[in-house]
Amino acid sequence: MASPPDTSKTTKLERYNTYIRKVNTSKLLAASSKLLFRLTLLVALVLIFFFTLNYPPLSDSTTTTASNHRVLTTSHLISSAFYGSGASWEKQVRRSSTPHRPNGFSVLVTGAGGFVGTHCSLALKKRGDGVVGLDNFNSYYDPSLKRARQEVLKQHDIFIVEGDLNDGELLAKLFNIAPFSHILHLAAQAGVRYAMQNPQSYVKSNIAGFVNLLEIAKNADPQPSIVWASSSSVYGLNTENPFSESHRTDQPASLYAATKKAGEEIAHTYNHIYGLSITGLRFFTVYGPWGRPDMAYFFFTKDILQGKPINVYQTHDEKEVARDFTYIDDIVKGCLGALDTAEKSTGKGGKKRGPAQLRIYNLGNKSPVSVGKLVSILESLLNVKAKKHVIKMPRNGDVPYTHANVSLAFRDFGYKPTTDLSTGLRKFVKCFPFKSNPLMFRH
Ligand SMILES: O=C(O)[C@H]1O[C@H](OP(=O)(O)OP(=O)(O)OC[C@H]2O[C@@H](n3ccc(=O)[nH]c3=O)[C@H](O)[C@@H]2O)[C@H](O)[C@@H](O)[C@H]1O
């Protein structure tokens, strides 16, 4: 019978192997818990960082585009996170809003990345007022043009807060940081013809956004005085000429015009109930350097230079259409004149304490020019013959003719337009295109 195998050696070996395995497992466990701890710490730090920044809710930090789509790009998220709030953001708001002249204004300029907003912000800053901009940089037209304007403002120490008029929380916060003496409200969904494509964007900006701004203004202490952009389009189908503030404005031809007219009525309500001092300015087809690419003079210039055909509208009875084209520098003077003569609001913390100023003015050029003439001025400035298609004005909200009587604005703040269309277009063409030419602002 065979003797049983000697197992004493294998048992020892197994015990040794088990011991080694245990040691390795505990080492592994220790290493992974260290790693887990570090990872948790990192995640916690990142979370704390973002929460202390306390940027506005995501819905508000998105940009509502002209096509009513919400655009949330990486760069937007980053800019919301870094510019939405936080200590350094508040410091920038405070610094930018502080005037640098005795009795200077502190002005919140909405739509500061826009055409008129940028020019007005620079003019205010230049004379020593504090200016904070607000803009949602939507994509109704190429936002890179708005970004280029923002860059110019930045070079002049003007800070633009990136946000939407409908973001009440953000607006309230701004007023808590900076007790603005004035609001220059220029943010809007512009464009007459586009209203047929995207009606809701007009309601959202020009009505809901305006009401939201007035709600914040009425609750502010002190209440600011408000100057805002209405439009020549409110005259709609009015046939009296030249257009005076006393003429009828109850026949708007486009939804754009209807929302601006609604704004004028809403202004009346807030003035009446809350004592807000409000001045509406009816701008007449404003043009000039750094203008809006959706406007005819701008895209005509681009298309003529590129050899593309342009549509020149005429009325259905084959008359020329005409506009009281108004140069940007004249409009800036009008806006500053309105701000300078705006009386203080009389209410406090949402309660009226007495009657307050309510005004409306035309800001035009007193001198209508036909679109045909506009094209021939451009042809001679560009030295290129336009490929003109003369067509009947589509039924898209356009009106055939505008002509401003500006005697009221002249009487109350010396408004006197001084730039004719040829001179203004020469200045426009000289610095076209703008993105590559940021030094062309002369304020
Ligand atoms: O004063 C205002 O309150 C408005 O002014 C501006 O509207 P409008 O006066 O209509 O300017 P704009 O579009 O440049 O058309 C100029 C002319 O070209 C004609 N036009 C237009 C397009 C075309 O293809 N062909 C053409 O002949 C067209 O029939 C018109 O006769 C602002 O855009 C608007 O936001 C608002 O501020």
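Counting starts at 1 for both ligands and their atoms, in listed order.
- Thr285 CG2, 3.6 Å is the protein heavy atom nearest to atom 11 (O) of ligand 1.
- Polar contact check, Val371 against ligand 1: no nitrogen or oxygen pair lies under 3.5 Å apart.
- Residue-level proximity to ligand 1 for Tyr313 is carried by backbone and side chain together, each with a heavy atom below 4.0 angstrom.
- For Tyr287, the heavy-atom gap to ligand 1 stays at 4.0 angstrom or more.
- Of all protein heavy atoms, the one closest to atom 25 (N) of ligand 1 is Asn311 O, 2.7 Å.
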Worked verdict on Tyr361 versus Asp412 for side-chain hydrogen bond (donor to acceptor under 3.5 Å, both in side chains): CA-CA 10 Å; Tyr361 296 102; Asp412 289 358; 2.5 Å; yes
Walk me through it: do Asp420 and Ser422 pass the test side-chain hydrogen bond (donor to acceptor under 3.5 Å, both in side chains)? CA-CA 6 Å; Asp420 62 33; Ser422 302; 4.6 Å; no
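- Contact annotation: for Arg292 versus ligand 1, heavy atoms closer than 4.0 Å belong to the side chain alone.
- Backbone and side-chain nitrogen or oxygen atoms of Phe325 are examined, and none is located within less than 3.5 angstrom of a nitrogen or oxygen of ligand 1.
- In terms of protein heavy-atom proximity, atom 14 (O) of ligand 1 is closest to Ala296 N, 2.8 Å.
- Ligand 1 does not have Phe298 within reach: every non-hydrogen atom of the residue lies 4.0 Å or more from it.
- Considering only non-hydrogen protein atoms, atom 2 (C) of ligand 1 sits nearest to Ser232 OG, 3.3 Å.
- For Arg395, the CZ atom counts as loosely surrounded, since its 6.0 Å shell holds 12 or fewer non-hydrogen atoms of other residues, nucleotides or ligands.
- Near Ser233, with a cut-off below 4.0 Å to any heavy atom, the atoms of ligand 1 are 3 (O).
- A salt bridge links Lys261 and Glu265; the closest N-O separation between the charged side-chain nitrogens and carboxylate oxygens is under 4.0 Å.
- The aromatic rings of Phe115 and His119 sit perpendicular to each other, their planes meeting at more than 60°, with 30° as the lower class boundary.
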Kindly determine whether Leu134 and Leu170 satisfy side chain to side chain contact (heavy atoms under 4.5 Å, CB included), including the steps that lead there. CA-CA 10 Å; Leu134 177 77; Leu170 175 65; 4.1 Å; yes
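- Other residues, nucleotides and ligands place more than 12 heavy atoms under 6.0 Å from the CZ atom of Arg127.
- Scanning all protein heavy atoms for the shortest distance to atom 37 (O) of ligand 1 gives Tyr256 OH, 3.3 Å.
- No heavy atom of Lys260 sits closer than 4.0 Å to any atom of ligand 1.
- For the atom pair Asp303 CG and Lys308 NZ, the distance stands at 5.5 Å (nearest 0.5 Å).
- Each of the atoms 25 (N), 26 (C) of ligand 1 lies under 4.0 Å from some heavy atom of Phe300.
- Contact atoms of ligand 1 toward Ala190: 35 (O) (distance under 4.0 Å to a heavy atom of the residue).
- For the residue pair Gln92/Arg95, the side-chain donor-acceptor check at 3.5 Å is not satisfied.
- Open room surrounds CG on Asn103; 12 or fewer heavy atoms of other groups in view lie less than 6.0 Å from it.
- At least one N/O-N/O distance between Arg323 and ligand 1 falls below 3.5 Å.
- Geometrically, ligand 1 and Tyr297 share no nitrogen or oxygen pair separated by less than 3.5 Å.
- A ring-centre distance under 6.0 Å is found for Tyr327 and Tyr287.
- Under 3.5 Å, the side chains of Ser407 and Asn405 contain a donor-acceptor pair of N or O atoms.
- The cationic atom of Lys146 (NZ for Lys, CZ for Arg) lies less than 6.0 Å from the six-membered ring centre of Tyr141 and within 45° of the ring axis.
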Apply side-chain hydrogen bond (donor to acceptor under 3.5 Å, both in side chains) to the pair Tyr313 and Asp398, showing each step before the final yes or no. CA-CA 10 Å; Tyr313 297 159; Asp398 253 333; 5.2 Å; no
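- An N or O contact shorter than 3.5 Å is missing between Ala322 and ligand 1 by distance.
- Of all protein heavy atoms, the one lying nearest to atom 35 (O) of ligand 1 is Gly191 N, 3.0 Å.
- With respect to atom 28 (C) of ligand 1, the closest heavy atom belonging to the protein is Asp398 OD2, 3.7 Å.
- Between Phe428 and Phe298, the distance separating the two ring centers is shorter than 6.0 angstrom.
- Close approach to Val321 involves these atoms of ligand 1, each under 4.0 Å from a residue heavy atom: 31 (O).
- The shortest heavy-atom distance from Arg193 to ligand 1 is under 4.0 Å.
- The proximity of Met295 to ligand 1, defined as any non-hydrogen pair under 4.0 Å, involves the side chain as well as the backbone.
- Contact annotation for Val312 and ligand 1: only backbone heavy atoms (N, CA, C, O) come within less than 4.0 Å of the ligand.
- Note that OH of Tyr256 is 11.0 Å distant from OG of Ser205, once rounded to the nearest 0.5 Å.
- Within ligand 1, counting atoms from 1 as listed, the ones closer than 4.0 Å to a heavy atom of Phe284 are 1 (O).
- Nearest protein heavy-atom contact of atom 3 (O) of ligand 1 is Ser231 OG, 2.4 Å.
- Neither the backbone nor the side chain of Tyr194 has any atom closer than 4.0 Å to an atom of ligand 1 (non-hydrogen atoms only).
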